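First the structure, in the form of structure tokens, and then the observations on it.
Owing to the predicted nature of the structure, the values given are computational and were not obtained by experimental measurement. Residue numbers start at 1 and run along the sequence shown.
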Amino acid sequence: MGCTALSLILANSVFSDPYVHFWHTAAPLHLGTLTIPFSIEEWINDGLMTLFFLMVGLEIERELYIGELSSFKNALLPALAAVGGMAIPALIHFIFNYGKPEAAGNGIPTATDIAFSLGVLSLIGKRIPLSLKIFLTALAIMDDLGAIMIIGIFYTKSFSFLYLSFALAVFGILLVFNRLKFLSLWIYLPAGILLWYFLYRSGVHPTLSGVLLAFAIPFQKRGDKEPSAVLQHALHKPVNFLIIPLFALANTAIHLPASWKSEIFSGNSLGIELGLLLGKPIGIVGFTLLSISLGIAKLPEGINTRKLIGMGMLAGIGFTMSIFISNLAFPTNPELIQSSKVAVLVASLLAAMLGWIILKTDPGESDIKAVL
């Protein structure tokens, strides 16, 4: 949050030009005949963010094996809620931008920022039951998985079948190593770099190599000594205290034009803002209540309708993933990228404030049955 505020201030100060241009400075990598022509911002978004996706993948893997997603019964409700929380925001954006180039941004309001949403939830204190935190965590993890699938399916413009085959071959070999119980991370990490390069050359977004690598690394139920847990623990601090702040600095270096206030009411911006602010809670609460009323799933103890709505509102904090998808949605239109990021920031701030107010003022009575 601090890096976002600092970046916006610098980008709209007397230091605006050098600050904004710094992130676009060319920083190509040359290794013999191999060249990766990235700018500083691209190294952050396509390079360092691979480690963010690696950590997210490891967290999803852990939840699937021994966490809240390890039981079909426990995973079903947050999975259905996550589907609603992605489908309704995408539909809202689609309605506002049908038939326009801006429709490429339908995926922007589908994402939830797990770190920021749980961070706001933690500010409320002991009033929040553990069951709500677990539900939001499981939902956000499923949401992340959905966002990763959206990136892989809808934001791959063109690809080289040859390099995609190379990438799949590397991934296949890593899966064989996994089955053979090869536990050394020094086997998997160098192969992960190769996987990143092949995906980059294939046209598929290279950060997805982080997720593929996470699922290839063996997971064993033997505590903190197993490879997946060791790597996940090692990544937490650099990802949370270096990579995400750098991502925030680079991607919110937005010089706001004089027309920015009117721009937040454009079709694309309204689709993002209403998708996050209305679509998220409507989709999550609606699909949850429908699932319960049909007897498909059961709401965890301690969660009432007001808490469910507040949690759905906090899920409207898009930030990291929504900004990331904004970059992919409009690769040739910097103005749309900028206005999309502003819309994400506005909606995420409002979602955080409204979610906090709803949950903070919750009287605590359980009224879910009365609603149903």
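- A heavy-atom distance below 4.5 Å is found between the side chains of Phe247 and Thr320.
- Phe324 and Asn45 make their closest contact through CE1-O, 3.3 Å (heavy atoms, listed as atom of the first residue, atom of the second, distance).
- Taking CD1 of Ile151 as the start and CD1 of Ile325 as the end, the distance is 4.5 Å to the nearest 0.5 Å.
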Pair Phe219, Gln232 - check side-chain contact (heavy atoms from CB on, under 4.5 Å), show working. CA-CA 11 Å; Phe219 184 94; Gln232 186 179 342; over 6 Å; no

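- Between Ile60 and Phe215, the closest side-chain pair of non-hydrogen atoms falls below 4.5 Å.
- Ring pair Trp196/Tyr200 is parallel by interplanar angle, where below 30° counts as parallel and above 60° as perpendicular.
- Not one N or O on the side chain of Asn97 forms a donor-acceptor pair closer than 3.5 Å with the backbone of Lys100.
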- Message: Using side-chain contact (heavy atoms from CB on, under 4.5 Å), reason through Phe135 and Leu308 one step at a time and then give a plain yes or no.
- Response: CA-CA 10 Å; Phe135 190 25; Leu308 192 60; 3.7 Å; yes

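- Checking side-chain atoms of Ser322 against main-chain N and O of Ile108 turns up a donor-acceptor pair under 3.5 Å.
- Residues Ile40 and Phe22 share a closest heavy-atom pair of CD1-O, 3.4 Å.
- With rounding to the nearest 0.5 Å, the separation of OG1 in Thr137 from CD1 in Ile114 is 5.5 Å.
- Linking ILVMFWY residues whenever their side-chain heavy atoms come closer than 4.5 Å, directly or via other members, places Leu194 and Leu189 in the same cluster.
- Between the Asn106 side chain and the Ala103 main chain, a donor and an acceptor come within less than 3.5 Å of each other.
- Take Thr207 and apply the side chain to side chain donor-acceptor pair (under 3.5 Å) test, not counting sequence neighbours, and it matches His205.
- Residue Leu51 holds its CG atom at 10.0 Å from CE of Met49, rounded to the nearest 0.5 Å.
- Side-chain atoms of Ser16 come within 3.5 Å of backbone atoms of Ala11 as a donor-acceptor pair (strictly under, hydrogens ignored).
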Inset, instruction - Start with the C-alpha gap between Val230 and Glu226, add the side-chain angles, then the distance that decides, and say whether side-chain contact (heavy atoms from CB on, under 4.5 Å) holds. - result: CA-CA 6 Å; Val230 169; Glu226 54 95 14; over 6 Å; no

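- Across all non-hydrogen atoms, the minimal contact from Phe319 to Ala248 is CZ-CB, 4.1 Å.
- Residues Leu168 and Leu199 are members of one and the same hydrophobic cluster, defined by side-chain heavy-atom contacts under 4.5 angstrom among Ile, Leu, Val, Met, Phe, Trp and Tyr.
- In this structure, Phe166 has its ring center under 6.0 Å from that of Tyr163.
- With sequence neighbours excluded, the residues forming a salt bridge (Lys or Arg N to Asp or Glu O under 4.0 Å) with Glu41 are Lys341, listed by chain and number.
- In terms of modelled atom types and a separation under 3.5 Å, the side chain of Thr35 and the main chain of His30 share no donor-acceptor contact.
- Residues satisfying the side chain to side chain donor-acceptor pair (under 3.5 Å) test with Ser117, not counting sequence neighbours, are none.
- Here the straight-line distance linking atom CD1 of Ile358 with atom CE of Met313 works out to 4.5 Å at 0.5 Å rounding.
- Ile193 and Phe53 fall into different hydrophobic clusters, defined by Ile, Leu, Val, Met, Phe, Trp and Tyr side-chain heavy atoms under 4.5 Å apart, directly or through other members.
- Two residues are said to be in side-chain contact when any heavy atoms from C-beta on lie closer than 4.5 Å; Phe96 and Ile272 fail this criterion.
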Using the rule given for ring pair (Phe, Tyr, Trp, His ring centres under 6.0 Å), can you reason through Tyr98 versus Phe94, listing the C-alpha separation, both sets of side-chain angles and the distance that settles it, and then say yes or no?
CA-CA 5 Å; Tyr98 175 69; Phe94 174 78; 5.2 Å; yes

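- Not one N or O on the side chain of Ser348 forms a donor-acceptor pair closer than 3.5 Å with the backbone of Leu345.
- In this structure, Thr50 OG1 and Leu208 CG are separated by 8.5 Å, a value rounded to the nearest 0.5 Å.
- The heavy-atom pair separating Ile217 from Pro227 by the smallest distance is CG2-CB, 4.0 Å.
- Closest non-hydrogen pair, Ile337 versus Phe330, comes out as CD1-O, 3.0 Å.
- Side-chain contact check for Pro28 versus Ile36: every heavy-atom pair is 4.5 Å or farther apart.
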Which atom pairs, donor and acceptor, lie under 3.5 Å between side-chain atoms of residues 277-289 and protein residues at least two apart or in another chain?
residue	atom	partner	partner atom	Å
Lys280	NZ	Gly85	O	3.0
Lys280	NZ	Thr110	O	2.7
Lys280	NZ	Thr112	OG1	3.2
Lys280	NZ	Asp143	OD2	2.5
Thr288	OG1	Ile284	O	2.6

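- Within 6.0 Å of the CH2 atom in Trp356, the count of heavy atoms belonging to other residues, nucleotides or ligands does not exceed 12.
- Using a distance-only test at 3.5 Å, with no hydrogens or angles considered, a donor-acceptor pair links the side chain of Ser165 to the main chain of Phe161.
- Counting only distance, with no hydrogens or angles, the side chain of Tyr188 and the backbone of Ala214 share no donor-acceptor pair below 3.5 Å.
- Between the side chain of Arg201 and the backbone N or O of Ser160, no donor-acceptor pair lies under 3.5 Å.
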Please report, to 0.1 Å, the donor-acceptor pairs under 3.5 Å made by any side chain of residues 177-186, with sequence neighbours excluded.
residue	atom	partner	partner atom	Å
Asn178	ND2	Ala216	O	2.8
Ser184	OG	Trp186	N	3.2

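- Counting heavy atoms from C-beta outward, Asn268 and Ser340 have side chains that approach closer than 4.5 Å.
- Criterion: ILVMFWY side-chain heavy atoms under 4.5 Å apart, direct or through other members. Under it, Ile9 and Leu249 are not part of a common hydrophobic cluster.
- With a 4.5 Å cut-off on side-chain heavy atoms, Leu231 and Leu54 count as touching.
- Note that the CE atom of Met86 and the CG atom of Leu139 stand 8.5 Å from one another [nearest 0.5 Å].
- Not counting sequence neighbours, the partners of Ile264 by the side-chain contact (heavy atoms from CB on, under 4.5 Å) test are Trp260, Glu273, Val342.
- A side-chain donor-acceptor contact under 3.5 Å links Ser228 and Glu61.
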Run Val344 and Ser326 through side-chain contact (heavy atoms from CB on, under 4.5 Å) and show every step you take.
CA-CA 9 Å; Val344 169; Ser326 297; 4.2 Å; yes

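- Using a 4.5 Å heavy-atom cutoff, the side chains of Ile134 and Leu132 are not in contact.
- Side-chain N or O atoms of Ser7 include one that pairs as donor or acceptor with a backbone N or O of Thr252 at under 3.5 Å.
- Linking ILVMFWY side-chain heavy atoms closer than 4.5 Å, directly or via other members, places Leu349 and Ile254 in two distinct hydrophobic clusters.
- You'll find the side chain of Phe171 stays beyond 4.5 Å of the side chain of Leu213, heavy atoms only.
- A donor-acceptor contact closer than 3.5 angstrom is absent between the side chains of Asp17 and His255.
- The shortest heavy-atom contact between Gly275 and Ile92 is N-CG2, 3.9 Å.
- Annotation for His236: atom NE2 counts as buried by contact number, over 12 foreign heavy atoms lying within 6.0 Å.
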